[in-house]
Amino acid sequence: MRLLLTSGGVTNASIESALVQLLGKPIADSHALCVPTAQWGHPLCGPASVRGLIAADPRFRHLTGLGWASLGVLELTALPTVGADRWVPWVREADALLVDGGDATYLCHWMRESGLAALLPSLSDTVWVGVSAGSMVMAPRIGECFVEWPSAPDDSGLGVVDFSIFPHLGAFPQNSPADAERWAAGIGGPAYAIDEQTAITVVDGRAEVVSEGDWTRFG
């Protein structure tokens with residue numbers, strides 16, 4: 001897949017340009033599925049925030065509110081009971097998967113349980129647009145400080161990329177540069193701390209930072 005890994009979504013012109021380049025066409029001509037699943041694993045999320053994502057409320061203007069040609073919902077917890085013969089075509093027909101934040105370990109669990117994780121290598125024409133946990137899940141490790149799901153066995157991600165992501169740099173008191181340094185010291189591998197104006201694109205295994213804000217690379 002082609003990846004656009006963000007902290008806060010498509011928040012500026014540089015990230016939007018990168019998204020259009022990954023899609024190979026305008027956003028207005030692209031069909032998307034949004035994935036709210038990570039929200040269910042986080043104590044600060046719930047029915048209202050999931051509804052806001054799906055309805056493209058102003059809070060989600062940087063993800064589902066970008067003006068997609070069409071917008072559907074892919075709820076990973078439902079897929080095991082739906083059957084791959086139904087949901088796999090939905091995914092293959094989408095130009096982009098818009099994967100929202102929440103708890104990355106919960107998202108990782110349901111990506112594996114649903115079969116979506118196994119499908120990813122075959123989605124060469126699909127763009128993964130991650131926000132927060134939706135980006136972090138692609139890493140080898142998430143970092144214990146970001147694990148909110150009580151049933152998480154550890155802080156492992158999918159390992160699709162070889163670096164980890166510390167999101168929301170400077171956005172919250174617990175996401176300071178000093179917090180990012182402590183997090184990175186415990187990750188044990190390459191890592192990035194990114195703010196809401198920063199994204200990382202990954203194409204053919206090559207990562208590039210796109211930013212109009214602040215970011216730091218560790219390792």
Side-chain angles (χ1 to χ4, degrees), residues 1-12 15-16 18-20 22-23 25-117 119-120 123 125-138 146 148-149 157-158 165 167-168 171 196 199:
M1 296 185 74
R2 289 163 284 174
L3 311 179
L4 181 67
L5 307 178
T6 81
S7 174
V10 183
T11 54
N12 57 55
I15 299 176
E16 182 173 349
L19 173 58
V20 171
L22 291 173
L23 290 168
K25 57 185 175 181
I27 295 172
D29 295 335
S30 302
H31 301 271
L33 294 175
C34 70
V35 181
T37 305
Q39 288 203 32
W40 300 118
H42 198 287
L44 297 181
C45 302
S49 58
V50 170
R51 184 260 178 206
L53 172 71
I54 295 169
D57 281 357
R59 178 184 169 191
F60 297 96
R61 65 189 183 279
H62 300 307
L63 187 62
T64 51
L66 293 171
W68 300 93
S70 69
L71 182 67
V73 180
L74 188 73
E75 175 47 62
L76 304 188
T77 62
L79 300 190
T81 59
V82 169
D85 59 327
R86 290 187 66 200
W87 70 261
V88 169
W90 301 340
V91 173
R92 291 198 182 281
E93 291 166 6
D95 296 303
L97 299 180
L98 314 180
V99 189
D100 197 29
D103 187 274
T105 58
Y106 185 81
L107 176 60
C108 184
H109 170 80
W110 281 107
M111 285 186 66
R112 291 190 172 117
E113 285 291 309
S114 66
L116 181 59
L119 186 67
L120 295 185
L123 301 178
D125 296 326
T126 310
V127 179
W128 178 281
V129 184
V131 168
S132 191
S135 299
M136 299 164 74
V137 72
M138 292 299 193
F146 287 113
E148 297 284 356
W149 182 38
L158 294 174
I165 296 174
H168 311 304
E196 308 302 87

> Can you list the steps and then say if Glu16 with Leu66 is a side-chain contact (heavy atoms from CB on, under 4.5 Å)?
Replying inline: CA-CA 9 Å; Glu16 182 173 349; Leu66 293 171; 5.7 Å; no

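- Of all the heavy atoms in Ile15 and Val10, the pair that sits closest is CG2-CA, 3.9 Å.
- The structure places OG1 of Thr126 at 6.0 Å from CG of Leu97, a figure rounded to the nearest 0.5 Å.
- Taken from CD in Gln39 to CG in Leu53, the straight-line distance is 6.0 Å, to the nearest 0.5 Å.
- For the residue pair Cys108 and Gly157, the shortest heavy atom distance occurs at SG-C, 3.8 Å.
- Counting only heavy atoms from C-beta outward, the side chains of Cys45 and Val50 never approach each other to under 4.5 Å.
- At a threshold of 4.5 Å between non-hydrogen side-chain atoms, the residues Val127 and Asp95 do not count as touching.
- Atom CG of Leu5 sits about 4.5 Å away from atom CD1 of Ile165, to the nearest 0.5 Å.
- Residue pairs satisfying the salt bridge (Lys or Arg N to Asp or Glu O under 4.0 Å) criterion with at least one member in residues 44-56, sequence neighbours excluded, are listed as follows: Arg51-Asp57.
- Side-chain atoms of Val35 and Trp110, non-hydrogen and from C-beta on, never get closer than 4.5 Å to each other.
- Across every non-hydrogen atom of Glu196 and Gly8, the tightest pair is OE2-CA, 3.7 Å.
- Rounded to the nearest 0.5 angstrom, Met1 CE and Leu123 CG are separated by 5.0 Å.
- Closest non-hydrogen pair, Arg2 versus Asp125, comes out as NH2-O, 2.9 Å.
- Within the 4.5 Å cutoff, side-chain heavy atoms of Leu71 are placed close to those of Cys34.
- Taking the side chain as every heavy atom from C-beta outward, Ile54 and Thr64 never approach each other to under 4.5 Å.
- The environment of Arg59 atom CZ is sparse: at most 12 non-hydrogen atoms of other residues, nucleotides or ligands sit within 6.0 angstrom.
- Summarising the geometry, atom OG belonging to Ser135 is positioned 10.0 Å from atom CG belonging to Leu107; distances are rounded to the nearest 0.5 Å.
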> Under the side-chain hydrogen bond (donor to acceptor under 3.5 Å, both in side chains) criterion, do Thr11 and His62 qualify, and how do the steps go?
Replying inline: CA-CA 6 Å; Thr11 54; His62 300 307; 5.8 Å; no

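- Between the CH2 atom in Trp68 and the CG atom in Leu98 there is a gap of 5.0 Å [rounded to 0.5 Å].
- In terms of heavy-atom proximity, Trp87 sits nearest to Leu119 at CZ3-CD2, 3.8 Å.
- In this structure, the side chain of Thr6 engages the main chain of Gly130 through a donor-acceptor pair within 3.5 Å.
- Heavy atoms only, all atoms of each residue included: Ala199 and Leu4 are closest at CB-CD1, 3.9 Å.
- Inter-residue side-chain proximity for Phe60 and Val131 is flagged as unmet; no heavy-atom pair is nearer than 4.5 Å.
- Taking the six-membered ring where the residue is Trp, Tyr106 and Trp149 present perpendicular rings, their angle passing 60° and hence far from 30°.
- A 4.5 Å side-chain heavy-atom check between Met138 and Val99 finds every atom pair outside the cut-off.
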> Can you check side-chain contact (heavy atoms from CB on, under 4.5 Å) on Thr37 and Leu74, steps first, answer last?
Replying inline: CA-CA 8 Å; Thr37 305; Leu74 188 73; over 6 Å; no

